[in-house]
**Q** 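Here it is, the structure, as structure tokens.
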Amino acid sequence: MRFEFKPLRLVPSQTVPAMARTDATRGVWKAPAGLEATITGARELAVKMTDGENGRLNPLGLNCLRTFPVTGHVVWGSRTLDGADVLASEWKYIPVRRVALYIEESLFRGTQWVVFEPNDEPTWAQIRLNLGAFMQNLFRQGAFQGQSPREAYFVKCDKETTTQDDINRGVVNIVVGFAPLKPAEFVVIKIQQIAGQVAA
């Protein structure tokens, strides 16, 4: 049996919130922040935040709204409620948490056909094939770190993940791992001047 994963596609629009627009144009693995994450319908922001103020608030896990001359009002942060640097949470960033939730829900829905199938190697092989194809598609779209699928994700479903005791209880265990992309919050540019050297 084969299941086809069909991700939800949204049509970008000025009236759609920044997160939905980012999902539609870039994917849930892209931070819904930055110059493309414009805030529509707002005339002005109550506080005009500076780079320095933003730089102090961001490590505390606070996402800021900023105004830039050409772009206008934008979302300028992509932290979750666990996003403070001192918490050191693996769920620090919104896109990391959202892609994990997206994968979890998609794989759960995409494996419903397994119910009442024989809990054996042929079924496990089909699970690995189906889930591997889904993860490969995300990899091709740029959802993970890594230059190759081996570096980016894995799908494991075999006699190591599902023991005889699991089989006796009617349980199949699937383990999926991935290397999430993380936003580049700060861009550091180093400039060096070379004095006294003349090109020959």
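FYI, the numbering just counts along the sequence from 1.
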**Q** So, does Gln145 use its side chain to make a donor-acceptor pair with the main chain of Pro180 at under 3.5 Å?
**A**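 Side chain of Gln145 to backbone of Pro180, a donor-acceptor pair under 3.5 Å: yes, one is there.
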**Q** Between atom CG of Asp82 and atom CD1 of Ile94, what is the distance when rounded to the nearest 0.5 Å?
**A**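 So the CG of Asp82 and the CD1 of Ile94 are separated by 11.5 Å.
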**Q** Is the CZ atom of Arg150 crowded by more than 12 outside heavy atoms at less than 6.0 Å?
**A**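 Atom CZ in Arg150 is not crowded, with 12 or fewer foreign heavy atoms closer than 6.0 Å.
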**Q** Considering all heavy atoms of both residues, which atom of Leu131 and which atom of Thr111 are nearest to each other, and what is their separation?
**A**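 Answer, listing the atom of Leu131 first, then Thr111: CD1-CG2, 3.5 Å.
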**Q** Are Ile167 and Trp113 connected in a single hydrophobic cluster, I mean Ile/Leu/Val/Met/Phe/Trp/Tyr linked by side-chain heavy atoms less than 4.5 Å apart?
**A**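 Looking at the clustering, Ile167 is in the same group as Trp113.
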**Q** With the 4.5 Å side-chain cut-off for hydrophobic clustering, are Val28 and Leu107 part of the same group?
**A**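 Same hydrophobic cluster.
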**Q** Carefully, step by step, assess Val175 and Phe154 under the rule side chain to side chain contact (heavy atoms under 4.5 Å, CB included).
**A** CA-CA 8 Å; Val175 180; Phe154 68 84; 3.7 Å; yes
**Q** Donor-acceptor check, side chain of Gln126 to backbone of Pro122, threshold 3.5 angstrom: yes or no?
**A**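 Not a single qualifying donor-acceptor pair exists.
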**Q** Counting heavy atoms not belonging to Gln147, are there more than 12 under 6.0 Å from its CD?
**A**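 Incorrect, the count does not exceed 12.
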**Q** Could you walk me through whether Cys157 and Asn173 pass the side chain to side chain contact (heavy atoms under 4.5 Å, CB included) test, one step at a time?
**A** CA-CA 6 Å; Cys157 181; Asn173 294 307; over 6 Å; no
**Q** So which heavy atom on Asp166 is nearest to which on Asn119, and how close?
**A**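 Distance-wise, the nearest heavy atoms are O-ND2, 4.5 Å.
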**Q** Minimum heavy-atom separation for Asn63 and Gly77, please, with both atom names.
**A**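 Shortest heavy-atom separation between Asn63 and Gly77 comes out as OD1-C, 3.1 Å.
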**Q** Any donor and acceptor pair, going by atom type alone, linking the side chain of Thr80 with main-chain N or O of Trp91 inside 3.5 Å?
**A**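 Yes; at least one donor-acceptor contact below 3.5 Å.
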**Q** Do you reckon Met49 sits in the same ILVMFWY cluster as Leu62, going by side-chain contacts under 4.5 Å, direct or chained?
**A**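 Shared cluster, yes.
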**Q** Rounded to the nearest 0.5 Å, what separates atom CG in Leu65 from atom CD1 in Ile39?
**A**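 Interatomic distance, Leu65 CG to Ile39 CD1, rounded to 0.5 Å: 4.0 Å.
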**Q** Quick one: CD on Gln136 to CD on Gln141, what's the gap to the nearest 0.5 Å?
**A**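 It comes to 10.5 Å.
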**Q** Are the charged groups of Asp23 and Arg21 less than 4.0 angstrom apart, N to O?
**A**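 Here Asp23 does not pair with Arg21 in a salt bridge, since their nearest N and O are not under 4.0 Å apart.
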**Q** Do you know which two heavy atoms are closest between Lys159 and Trp124, and how far apart they sit?
**A**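 That closest heavy-atom pairing would be N-CZ3, 3.4 Å.
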**Q** Counting only N and O atoms by type, is there a donor-acceptor contact under 3.5 Å from the side chain of Glu53 to the main-chain atoms of Thr50?
**A**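 Looks like yes, one N/O pair under 3.5 Å.
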**Q** How about Arg128: does its CZ atom have over 12 heavy atoms from other parts shown lying under 6.0 Å from it?
**A**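 Buried by this count: over 12 neighbours within 6.0 Å.
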**Q** Looking at Arg26 and Glu36, does any basic side-chain N land under 4.0 Å from a carboxylate oxygen?
**A**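 Between Glu36 and Arg26 there is a salt bridge, with a charged N closer than 4.0 Å to a carboxylate O.
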**Q** For Pro32 and Ser78, which heavy atoms make the closest approach, and how far apart are they?
**A**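 Heavy-atom minimum between the residues: CD-OG, 3.8 Å.
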**Q** Working to the nearest 0.5 angstrom, can you tell me the gap between Arg98 CZ and Ile103 CD1?
**A**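 If we round to the nearest 0.5 Å, Arg98:CZ and Ile103:CD1 are 12.5 Å apart.
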**Q** Within a reach of under 6.0 Å around CD of Glu104, are more than 12 heavy atoms found that belong to other residues, nucleotides or ligands?
**A**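 Open.
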**Q** Does Lys92 come within less than 4.0 Å of Asp85, counting only side-chain N to carboxylate O?
**A**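 Salt bridge flag = yes for Asp85 with Lys92.
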**Q** Can you check whether Thr161's main-chain N or O pairs, donor with acceptor, with Asp158's side chain at less than 3.5 Å?
**A**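 Judged by distance alone, yes, a pair lies under 3.5 Å.
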**Q** How close do Asn54 and Cys64 get, heavy atom to heavy atom, and via which atoms?
**A**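 Where Asn54 meets Cys64 most closely, the heavy atoms are OD1-CB, 3.3 Å.
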**Q** Counting only pairs under 3.5 Å, give me each side-chain donor-acceptor contact of residues 68-76, with atom names and distances, residues two or more places apart or in other chains.
**A**
| residue | atom | partner | partner atom | Å |
| --- | --- | --- | --- | --- |
| His73 | ND1 | Thr67 | OG1 | 2.9 |
| His73 | NE2 | Ala42 | O | 3.4 |
| His73 | NE2 | Arg43 | O | 3.0 |

**Q** Less than 4.0 Å between a side-chain N and a carboxylate O, is that true for Arg66 and Asp51?
**A**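 Judged by the 4.0 Å cut-off on N to carboxylate O distance, Asp51 and Arg66 do form a salt bridge.
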**Q** Might you confirm whether atom CG of Leu81 has over 12 heavy atoms from other residues, nucleotides or ligands at distances under 6.0 Å?
**A**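 12 or below, so no.
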**Q** Please check if atom CD in Gln164 has more than 12 non-hydrogen atoms from other residues, nucleotides or ligands closer than 6.0 Å.
**A**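 Correct, the count exceeds 12.
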**Q** Would you say Ile174 and Leu138 are hydrophobically clustered, going by side-chain heavy atoms of ILVMFWY under 4.5 Å?
**A**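 Same cluster.
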**Q** Please determine which of Tyr153, Phe144, Phe139 meets the ring pair (Phe, Tyr, Trp, His ring centres under 6.0 Å) test together with Phe178.
**A**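 Exactly one option meets the ring pair (Phe, Tyr, Trp, His ring centres under 6.0 Å) with Phe178, and it is Phe144.
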